[in-house]
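Everything below concerns the one structure shown next.
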Amino acid sequence: MEPIVVVGGGLAAARATQTLRDQGYDGDLVVLTAEAFPPYERPPLSKDYLRGEAGTDALFPHDADWYADRGVDLRTSTTAVGLDVAGSAIETAPGGSLRYSRLLLATGSQVRRLDVPGNDLDGVHHLRTIDDADRLRTALGDDGPLVVVGDGWIGMEVAASARQLGRDVTVVGRSPHPLHGLGARVSEIFTNLHEENGVRLLRATAVTALTGTGSVSGVELDDGTTLEASTVVVGVGVTPRCDLAAEAGIELRSAADGDGVAVDGTLRTSAPGVWAAGDIASVPSVRYGRALRVEHWAFADETGKHAARAMLGSAEPYDVLPYFFTDQFDLGMEVKGVTSGEVVISGSAADRECVAFWVDGDRVQAGMGINVWDRMDDVEDLIRAEGPVDRAALDAFV
Ligand code: FAD
């Protein structure tokens, strides 16, 4: 029997591998990851790992010995460069090929780059890998001004970490307010948090060029001004790495439907014997009635496990609500569901101790706990409840 092959070096790959063994699969199992490390999780890279408060232990669900002890053929620094779904074969670099009985694609995301002059100057950073975080951590040791381009989750987390390390930090965002997908009221909670901690936030502002000779020294803005910068972090989003699947003719979702590899409820792709999990997987949602592709830790965790069970024969449809967490300064947040609709806040937004709900039509779509813990099961019950939503119960939730 040919091996099961997992392609990927993130949490989805780690969880799938673990689950295959936990569920009793004792056949040949190969993990191919382009990076030099065993599969790892990325949230600490913008938080405690970046600040030097946590080591690599915080990153690895399993070390290399764990794979060896379980007879998993872990091939680091090995990239899958070709996929032949008719022949059930993968081509790798450095050169080689292997056949598979079942294949999991968990190739994750890659960072978007700024399409402006100067984007390749020294001192311009992106953050996706351990190597990126190590480089940025070294750069944060300098005391010059830091400019973060992008006011999404990664940008705001890096801004918080850099500020905690004493850097002068400016965040440049294109939207009317940071974390714009959350809407103005919830964004304001994060805006106030950052401004009270000394982060400068520029809204509705575009970067037109990064300037400097060899190393970056300035960030030109569309209002004609230039910010001084010794370090620039670009956090303008990611794109799913679907090229391997696409070149093999596996069905993808359109950009209008959120991109990604199209899978069914068992995370099976359009190619026989091929599954997908993590950031690349666009999964039909039972609750929301449409496909969702979620670029978060918990989705990689859950879909990695689910795909492994499906590869071993489970026909259970995936039905886990999206979940995300962040830590910035003294704020801890977790959110379940899809944040669209009208916002209802229970508790005190001013004191940053509240739960925000998103209500669309007569149903709760999502709930976010801000410094409020252990209520996510209750939030999930509300999201799954058939309408009409009880507004008084939402107001009194905290
Ligand atoms: P990835 O983690 O992207 O891993 C994919 C791996 O596959 C990479 O190692 C890549 O090199 C490898 N690969 C790709 N193509 C090939 C190939 N052809 N051959 C071999 N290997 C290949 N989420 C949260 O919920 N909360 C957070 O606080 C949070 N913080 C984050 C902070 C940072 C700095 C980053 C970068 C992400 C954060 N996320 C957070 C998002 C979360 O980390 C991702 O959703 C998660 O990493 C996705 O896991 P994955 O396994 O799908 O893919």
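Atoms within each ligand, like the ligands themselves, are counted from 1 in listed order. Sequence positions, counted from 1, serve as the residue numbers for this chain.
- Any N or O atom pair closer than 3.5 Å counts here, and Tyr323 shares no such pair with ligand 1.
- In this structure, CG on Leu105 lies 11.5 Å from CG on Leu267, to the nearest 0.5 angstrom.
- Ranked by closest heavy atom to atom 35 (C) of ligand 1, the top entry among Leu50, Thr92, Ile154, Leu45 is Ile154.
- For ligand 1, the polar-atom distance check against Ser46 finds no nitrogen or oxygen pair separated by under 3.5 Å.
- For the pair Ala277 and ligand 1, the shortest N or O to N or O distance does not fall below 3.5 Å.
- For His296 and Phe325, the ring centers sit 6.0 Å or farther from each other.
- Closest to atom 51 (O) of ligand 1, if we only count protein heavy atoms, is Ala12 N, 3.0 Å.
- Separating the NZ atom in Lys305 from the CG atom in Leu11 is a distance of 8.5 Å, to the nearest 0.5 Å.
- Not one N or O of Val7 is nearer than 3.5 Å to an N or O of ligand 1, by distance alone.
- In terms of modelled atom types and a separation under 3.5 Å, the side chain of Arg293 and the main chain of Asp257 share no donor-acceptor contact.
- Judged by distance alone, with hydrogens and angles left aside, the side-chain atoms of Asp264 form a donor-acceptor pair with the main-chain N or O of Arg268 at under 3.5 Å.
- When the heavy-atom distances from atom 40 (C) of ligand 1 to Ser109, Pro43, Ala300, Ala13 are ranked, the shortest goes to Pro43.
- Looking at Phe325 next to ligand 1, an N or O pair under 3.5 Å apart turns up.
- The shortest N or O to N or O distance between Asp279 and ligand 1 is below 3.5 Å.
- In terms of polar-atom proximity, defined here as any N/O pair under 3.5 Å, His296 does make such a contact with ligand 1.
- Contact check on Arg112 versus Glu295 returns no salt bridge, with no Lys/Arg side-chain nitrogen under 4.0 Å from an Asp/Glu carboxylate oxygen.
- In terms of modelled atom types and a separation under 3.5 Å, the side chain of Thr78 and the main chain of Leu32 share no donor-acceptor contact.
- Residue nearest to atom 53 (O) of ligand 1, selected from Ala93, Gly108, Ala36: Gly108 (by heavy-atom distance).
- No donor-acceptor pair under 3.5 Å is formed between the side chain of Trp297 and the backbone N or O of Glu41.
- Ligand 1 has no nitrogen or oxygen under 3.5 angstrom from a nitrogen or oxygen of Thr79.
- Note: Phe37 and Phe60 have tilted aromatic rings, judged against thresholds of 30 and 60 degrees for the angle between ring planes.
- Checked by distance only, ligand 1 and Leu11 come closer than 3.5 Å through their nitrogen or oxygen atoms.
- For atom 18 (N) of ligand 1, the nearest protein heavy atom (residue, atom name, distance) is Ala80 O, 2.9 Å.
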